[in-house]
Amino acid sequence: MNRTVAPGLLEPEKIHLMEPEILSIQNAPIYIFNLGTQDVAKVEIIFNAGSRFHSLPLIASLTNELIDEGTSTKTSAQIAELFDYYGAHIQTECNVDYASVTLFTLTKFLNKTVALLIEIINESIYPEDEVQTYIQQEKQRLTINQGKVDYLVRKHFNAELFKGHRYGYFPKIADYDAIKRADILAFSKANYHSGLHSIIVSGQISDVSKKDLLKVFEQLKAKKTSTPYEINHPKPTPPVHKFIEKEDAVQNAIRIGKRLFNRTHPDYPKLTVLNTILGGYFGSRLMSNIREDKGYTYGIGSGLVSLSEDGYFYIATEVGAPVFEDAIKEIFKEISKLNEELVPTAELTLVRNYLLGSFQRSIDGPFAISDRFKTILLSGLSYDYFYNYLDIVKNITPQELLTLSQKHLFPSDLTQVCVGKKLL
């Protein structure tokens, strides 16, 4: 073997994604991925309990975060001790659209740990002292964040893109003072006991385990709601340029982007390729120019965010105040190049190989596969989305990318928000 010669690249002809076995409970689906070589399992219970389901969005995140802080029969310390005894742990997640509670456990203790998880969801009492402690911690964290340029630029950028909509909301100190335990309990009853979306189980799940697991899940009080949720699409907003002064800033934070659409739009997979070229990986144009060539920043990147009712594109970085304006010029220079010039074949081949390799890594293992499945499940899509995406990555042309850039990433359509120090 000649180690001075890099091995050749092999493009996968076809990638097959395992379909889950589908069972049901309380009229809600349970998706089971029985695979893997280790005796571990992951159980994720998803609820229609994101912040858009309450007039005070903090209630959703607090309900999710504090769900394991005590039940009618167990304290938070006893719950933590039991999970530790079984070598298991839970994690919670809450965004604007959905909330979830996820259990990681050894399969030999699956029934016992799931039973404990269900008790937490069914019987969480949200003790007043835990609520108040958490509120004080969050107020302190918010106070600290309000001094950080990266937090401030995200806050003002989202507020400009989604004016008057929940997607543009960021908390204020006064919002925490308005929280009452009764609101949390009411939200838990309405959205955790009646807002079940689905359950995803992955890992080594034998047929015997499935039967026993179904019996345990029968104890879950949560029901899948039959009431359709109101769709509230954000209203269009014109592009703006905004600078927020912060005289003590060490660096200036920049966010540039625009409202687009979510994963269900036919152009979304193509834009993933275009975004990767611009700023979606370490070898991107923005990194090569603004970090490697100019040395203006340690890191810069771009991304696409898919939301339930919308989506957006963004570029984010932090640079020193003396090079702040030059950095913005270089960012728009790279965007303009995408609008004016065809992407060279060699560069497109490199990005194509990177995306295909990244996708294969993203489906390595049962938990990774369940995460990929969750992505399409919450978007109302099927595996055809991924197969179509892979086909686009393999076959998209420089001309298609040029047309796509001119259609969606025209420089004058982009909102620009900056936070930092203004030089005289």
Side-chain angles (χ1 to χ4, degrees), residues 18 20-21 23 25-26 28-47 49 61-95 98-127 130 133-134 188 192-193 195-222 363-374 377-378:
M18 177 182 177
E21 180 182 356
L23 305 176
I25 181 174
Q26 318 287 30
I30 303 177
Y31 302 95
I32 298 180
F33 292 90
N34 180 22
L35 46 93
T37 59
Q38 296 180 318
D39 296 326
V40 291
K42 173 184 172 184
V43 178
E44 183 167 14
I45 305 179
I46 305 168
F47 301 91
S61 60
L62 284 168
T63 304
N64 184 253
E65 184 69 27
L66 298 175
I67 197 167
D68 62 341
E69 293 298 329
T71 68
S72 55
T73 60
K74 295 179 179 65
T75 66
S76 59
Q78 290 172 327
I79 291 170
E81 185 178 350
L82 278 169
F83 276 126
D84 188 55
Y85 175 78
Y86 290 121
H89 76 276
I90 67 170
Q91 67 181 33
T92 58
E93 180 184 1
C94 181
N95 57 37
Y98 299 99
S100 65
V101 183
T102 304
L103 167 72
F104 296 88
T105 182
L106 299 172
T107 50
K108 63 181 178 180
F109 298 131
L110 181 61
N111 290 345
K112 292 180 179 180
T113 52
V114 170
L116 180 57
L117 174 66
I118 289 173
E119 180 184 343
I120 290 170
I121 295 171
N122 286 346
E123 308 295 341
S124 184
I125 60 173
Y126 298 96
E130 298 286 0
T133 298
Y134 186 77
S188 176
Y192 284 79
H193 293 177
L196 181 62
H197 181 283
S198 53
I199 301 171
I200 305 175
V201 181
S202 56
Q204 282 200 348
I205 314 296
S206 67
D207 289 339
V208 174
S209 296
K210 290 175 198 171
K211 292 179 181 178
D212 293 340
L213 200 56
L214 278 177
K215 292 178 182 177
V216 177
F217 274 129
E218 289 290 344
Q219 305 304 312
L220 187 64
K221 290 182 180 178
I363 55 172
D364 183 14
F367 297 171
I369 290 173
S370 69
D371 285 341
R372 274 294 184 179
F373 175 76
K374 177 184 173 183
L377 176 67
L378 297 185

[X] and [Y]: which non-hydrogen atoms are nearest, and at how many Å?
{"X": "A49", "Y": "Y192", "value": "CB-CE1, 3.7 Å"}
{"X": "S100", "Y": "N64", "value": "O-ND2, 3.2 Å"}
{"X": "N34", "Y": "S206", "value": "OD1-N, 4.4 Å"}
{"X": "S370", "Y": "S202", "value": "OG-OG, 3.4 Å"}
{"X": "T92", "Y": "E65", "value": "OG1-OE1, 3.7 Å"}
{"X": "T113", "Y": "A88", "value": "CG2-CB, 3.9 Å"}

Let me see the working for I125 and E130 under side-chain contact (heavy atoms from CB on, under 4.5 Å), right down to the final yes or no.
CA-CA 10 Å; I125 60 173; E130 298 286 0; over 6 Å; no
I need the [X] [atom1] to [Y] [atom2] distance, nearest 0.5 Å.
{"X": "I200", "Y": "I30", "atom1": "CD1", "atom2": "CD1", "result": "11.5 Å"}
{"X": "K374", "Y": "Y98", "atom1": "NZ", "atom2": "OH", "result": "10.5 Å"}
{"X": "F373", "Y": "Y31", "atom1": "CZ", "atom2": "OH", "result": "5.0 Å"}
{"X": "S124", "Y": "L66", "atom1": "OG", "atom2": "CG", "result": "8.0 Å"}
{"X": "I46", "Y": "E93", "atom1": "CD1", "atom2": "CD", "result": "9.0 Å"}
{"X": "I45", "Y": "I118", "atom1": "CD1", "atom2": "CD1", "result": "6.0 Å"}

Are [X] and [Y] side-chain neighbours, meaning at least one heavy-atom pair lies under 4.5 Å?
{"X": "I199", "Y": "L220", "value": "yes"}
{"X": "L213", "Y": "N111", "value": "yes"}
{"X": "F47", "Y": "I121", "value": "yes"}
{"X": "K42", "Y": "E44", "value": "yes"}
{"X": "L82", "Y": "K74", "value": "yes"}

Should D207 and K210 count as an ion pair when the cut-off is N to O under 4.0 Å?
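A salt bridge links D207 with K210.
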As a test of understanding, state which of F367, F83, F109, Y86 forms a ring pair (Phe, Tyr, Trp, His ring centres under 6.0 Å) with F104.
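Only one of F367, F83, F109, Y86 forms a ring pair (Phe, Tyr, Trp, His ring centres under 6.0 Å) with F104, namely F367.
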Backbone N or O of [Y] within a donor-acceptor pair of the [X] side chain at under 3.5 Å?
{"X": "D39", "Y": "T107", "value": "no"}
{"X": "Q204", "Y": "G36", "value": "yes"}
{"X": "H89", "Y": "A80", "value": "no"}
{"X": "Q78", "Y": "T75", "value": "yes"}

Going by side-chain contact (heavy atoms from CB on, under 4.5 Å), L117 matches just one of N122, D68, I67, V101. Which one?
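Testing L117 for a side-chain contact (heavy atoms from CB on, under 4.5 Å) against N122, D68, I67, V101 leaves exactly one candidate, V101.
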Partner of V43 under side-chain contact (heavy atoms from CB on, under 4.5 Å), chosen from I90, L110, T102
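Among the candidates, only L110 passes.
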With side-chain contact (heavy atoms from CB on, under 4.5 Å) as the criterion, how do V40 and L106 come out once you've worked through the C-alpha distance, each side chain's angles and the decisive distance to 0.1 Å?
CA-CA 4 Å; V40 291; L106 299 172; 4.1 Å; yes
Could you give me the CA-CA distance, side-chain angles and deciding distance for H197 and L378, then say whether side-chain contact (heavy atoms from CB on, under 4.5 Å) is met?
CA-CA 9 Å; H197 181 283; L378 297 185; 3.7 Å; yes
Atom CD of residue position E81 - does it have more than 12 heavy atoms of other residues, nucleotides or ligands inside 6.0 Å?
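It does not: E81 CD has 12 such atoms or fewer within range.
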If only side-chain N and O atoms count, and only distance matters, is there a donor-acceptor pair under 3.5 Å linking T71 with E119?
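Indeed, the side chains of E119 and T71 share at least one donor-acceptor pair under 3.5 Å.
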